[in-house]
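The analysis underlying the following values was restricted to heavy atoms, covering all of them including side chains, and did not include hydrogens, waters or symmetry mates.
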Amino acid sequence: MIWENKIKGNDRIIAFVNNTIYRGNPKEEDINTVIFELKNGKAQISNLIGIPLAYIKEIILEKNKDDIEILFGKNSTETIRIKDENSKNEIFDFLKINIKNSKHIIEEPSKLKTGKRPLIAMSVLFALFLLSLYFALEIEKGNYDVIPEKANIILSLVLQISFLGSKYVILIFSILFMVPFINFINKTKRKKIIDKIVIIR
C-alpha cells in the first residue's frame, strides 16, 4: 500500500511494501520514480527511509499528535508525520490489519502518569524555594553563619536569590512555579489515548 501526501509538514510518501514501512519527502520531480520503485518491489528505494518489520517492536498512534511513532532496534525511534487525522487513522488501521504476528493494545494513562514531568519540575522548584526562603529569613535576621563557605552552581544560585530578601524569593518562585503548573494542567485536561501495534516475536 502506498500513500501520497501533498499537505505541507507531512511525509510526502508513506508505504508498506514487502514487509517494510517506508517514509520520506522526495522532491516533486522524483515522486513518480519513487512510487514506481515501490510498486516494482525494488530493494533499496531512493529518497525514502525503510524499516523492515523484522526490526520493529511497536507502532504507536497517540491521540492529538500529528505523527505515528515506530520503535525499532534497541532504542531507536522513527516518526511518520501525518497532520490529517483521517489519513493517520487509515494508515494505522491498515498496518493493524496487515501486520501478522502482532497484537493491538489501547492504553489510557492516568493523569498522574501523564503529568509526571511537570510534577517532578514542581517538586524540585518547591525544594529550592524552601531552601532559598530559609536562607533569606536567616540573612534578614543577620545570621550569616548558615551560609556555606563552598557551594555548587545550584546552591550559589539559591544564595543569590536569597540575598534579594524573602519577599523576592516568594515572588520569583511563584513566577517560576507557574510554568510547570500550567504545563501540568494542559497535559492532564486532555484525555490521552495511546493505540499500539505490538509485534510478537
Side-chain touch Leu131/Val158, heavy atoms, less than 4.5 angstrom:
yes
From CA spacing to verdict: side-chain contact (heavy atoms from CB on, under 4.5 Å), Ile199, Asn101:
CA-CA 6 Å; Ile199 312 301; Asn101 299 321; 5.6 Å; no
Can you check side-chain contact (heavy atoms from CB on, under 4.5 Å) on Phe163 and Ile147, steps first, answer last?
CA-CA 11 Å; Phe163 273 107; Ile147 300 172; 3.5 Å; yes
Under 3.5 Å donor-acceptor, Ser102 side chain and Ile99 backbone
yes
Would you kindly confirm whether Ile21 and Val34 end up in one hydrophobic cluster when ILVMFWY residues are joined by side chain heavy atoms under 4.5 Å apart?
no
Between Glu4 and Arg12, does any side-chain N to carboxylate O distance fall below 4.0 Å?
no
Do Lys57 side-chain atoms and Gly73 backbone N/O form a donor-acceptor pair below 3.5 Å?
yes
Check whether any side-chain N or O of Lys88 sits under 3.5 Å from a backbone N or O of Lys65 as a donor-acceptor pair, and report yes or no.
yes
Can you confirm whether more than 12 heavy atoms, excluding those of Ile154, are under 6.0 Å from its CD1 atom?
no
List, by chain and number, the other hydrophobic cluster members for Ile200, where Ile, Leu, Val, Met, Phe, Trp and Tyr join if side-chain heavy atoms come within less than 4.5 Å, directly or indirectly.
none
Only one of Phe129, Tyr168, Phe181 passes ring-ring contact (aromatic ring centres under 6.0 Å, His included) with Phe173; say which it is.
Phe129
Minimum-distance pair of heavy atoms, taken over all atoms of Pro118 and Pro180
CB-O, 3.3 Å
Linked, directly or transitively: Val17 and Ile51 (ILVMFWY side chains, under 4.5 Å):
no
Roughly how far, to the nearest 0.5 Å, is CG of Leu53 from CZ of Phe72?
12.5 Å
Ring center gap for Phe94 and Trp3 short of 6.0 angstrom
yes
I'd like to know whether Lys96 forms a side-chain contact (heavy atoms from CB on, under 4.5 Å) with Asp93, so could you lay out the CA-CA distance, the side-chain angles of the two residues, the decisive distance to 0.1 Å, and finally the verdict.
CA-CA 5 Å; Lys96 188 168 59 180; Asp93 287 341; 3.3 Å; yes
Can you list the steps and then say if Asp11 with Arg23 is a salt bridge (Lys or Arg N to Asp or Glu O under 4.0 Å)?
CA-CA 6 Å; Asp11 284 317; Arg23 62 156 288 269; 2.9 Å; yes
Is Ile59 close to Lys196 at the side-chain level, that is, under 4.5 Å between some pair of heavy atoms?
no
So do Asn19 and Pro52 actually touch side chain to side chain, heavy atoms under 4.5 Å?
no
Apart from Ile105 itself, what residues make up its hydrophobic cluster when side-chain heavy atoms of I, L, V, M, F, W and Y under 4.5 Å apart count as a link, directly or indirectly?
Val198
Applying the 4.5 Å side-chain criterion to the ILVMFWY set and letting contacts propagate, would Phe126 and Leu155 be lumped into a single cluster?
yes
Got a second to check how far Ile175's CD1 is from Leu171's CG, nearest 0.5 Å?
4.5 Å
Hey, could you give me the CG/CZ distance between Asn5 and Arg81, rounded to the nearest 0.5 Å?
11.0 Å
Indicate the atoms forming the closest heavy-atom contact of Ala136 with Ser162, along with that distance.
CB-O, 3.5 Å
I want to check something: taking the side chain as every heavy atom from C-beta on, are Ile14 and Ile82 in contact at a cut-off of under 4.5 Å?
yes
A side-chain contact here means heavy atoms from C-beta on lying under 4.5 Å apart; do Pro148 and Phe135 qualify?
yes
Does any part of the side chain of Ile60, heavy atoms only, come nearer than 4.5 Å to the side chain of Ile68, both counted from C-beta?
no
Is there a path of hydrophobic side-chain contacts, each under 4.5 Å between heavy atoms of I/L/V/M/F/W/Y residues, joining Val169 to Leu164?
yes
Heavy-atom closest contact (Ile31 atom, Pro26 atom, distance)
CG1-CG, 4.1 Å
Does any non-hydrogen side-chain atom of Thr77 lie less than 4.5 Å from one of Ile70?
no
Answer yes or no: is there a side-chain heavy-atom contact under 4.5 Å between Ile56 and Leu71?
no
With the 4.5 Å side-chain cut-off for hydrophobic clustering, are Phe16 and Leu48 part of the same group?
no
Here the gap from Ile194 atom CD1 to Glu107 atom CD, rounded to the nearest 0.5 Å, amounts to 5.5 Å
Could you measure the distance from the OG atom of Ser156 to the NZ atom of Lys150? Nearest 0.5 Å is fine.
12.5 Å
NE2/His104 to CG/Asp195 distance, rounded to the nearest 0.5 angstrom?
3.5 Å
Check Ile13, Asn40, Asp30 against Ile35 for a side chain to side chain contact (heavy atoms under 4.5 Å, CB included) and give me the one that passes.
Ile13
Under 3.5 Å, is there a donor-acceptor pair between the side chain of Asn143 and the main chain of Ile139?
no
Do Asn186 and Ile182 pass the side-chain contact (heavy atoms from CB on, under 4.5 Å) test, and can you show the C-alpha distance, the side-chain angles, and the key distance before you say yes or no?
CA-CA 6 Å; Asn186 289 336; Ile182 292 169; 3.6 Å; yes
